[in-house]
Amino acid sequence: MTLEGTLDVTVSDGTPSFALTVENTGTEPVTFQFMTGCSADFAVEADGAEVWRLTENRMFTQVISSESLEPGQQRTYEATGDSLEPGEYTAVGELAANDHDCTARTDFSV
């Protein structure tokens, strides 16, 4: 696998913001394709259960697009979640490409 992801979460007034950074760690360019206007999906879990997901009950444009990363190049995808109750959570960020997988997780508190 030549794609590696890192996920950063910042919280302001109980609302998390997510930044999934995808890096091509390989030696060859990587091109991935998206089938909708959503390039990355984000979810929040509490005690192992999903409590929020970006793509849940949302519609995205139906457009095919592609993106390439040269070796060592990075791309960051961002989103803002819904307000959460105080507590401990795990965020999951996933590249929404149909031909490459890249997922990152991180714990955060509200």
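FYI, the numbering just counts along the sequence from 1.
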Sub-4.5 Å side-chain heavy-atom contact between Leu20 and Phe42: yes
Taken to the nearest 0.5 Å, the spacing of Asn24 CG from Thr2 OG1 works out to 4.5 Å
Is Arg105 salt-bridged to Glu94, going by a charged N under 4.0 Å from an acidic O? no
Over 60° means perpendicular and under 30° means parallel, so classify the ring planes of Trp52 and Phe18, tilted if in between. parallel
Can you confirm whether Val110 sits close enough to Tyr89 that some side-chain heavy atom of one is under 4.5 Å from a side-chain heavy atom of the other? yes
Side chains of Val44 and Leu84 in contact at under 4.5 Å (non-hydrogen atoms): yes
Restricting to non-hydrogen atoms, name the atom on Gly81 and the atom on Thr15 that form the minimum distance, rounded to 0.1 Å. O-CG2, 3.2 Å
Cut-off 3.5 Å, side chains only: do Ser66 and Gln33 have a donor facing an acceptor? no
Using a 4.5 Å cut-off on heavy atoms from C-beta on, say whether the side chain of Val22 contacts that of Leu69. yes
Under a 4.5 Å cut-off applied to non-hydrogen side-chain atoms, are Leu95 and Phe34 in contact? yes
For Arg75, the option from Glu4, Glu67, Glu70 that meets salt bridge (charged side-chain N to carboxylate O under 4.0 Å, His left out): Glu67
With a 4.5 Å cut-off on side-chain heavy atoms, are Leu3 and Val30 touching? yes
Do Glu45 and Val92 touch side chain to side chain, with heavy atoms closer than 4.5 Å? yes
From CA spacing to verdict: side-chain hydrogen bond (donor to acceptor under 3.5 Å, both in side chains), Thr76, Thr21: CA-CA 4 Å; Thr76 300; Thr21 300; 2.9 Å; yes
Least distance between heavy atoms, Pro29 atom then Pro71 atom: N-CD, 3.9 Å
CG of Leu54 to CG of Asp41, rounded to nearest 0.5 Å, is 5.5 Å
Minimal heavy-atom distance between Ala104 and Leu7, with the atoms involved, is O-CD2, 3.6 Å
Kindly indicate whether the side chain of Gln73, heavy atoms from C-beta on, has any atom under 4.5 Å from the side chain of Glu23. no
Over 60° means perpendicular and under 30° means parallel, so tell me whether Phe32 and His100 are parallel, tilted or perpendicular. perpendicular
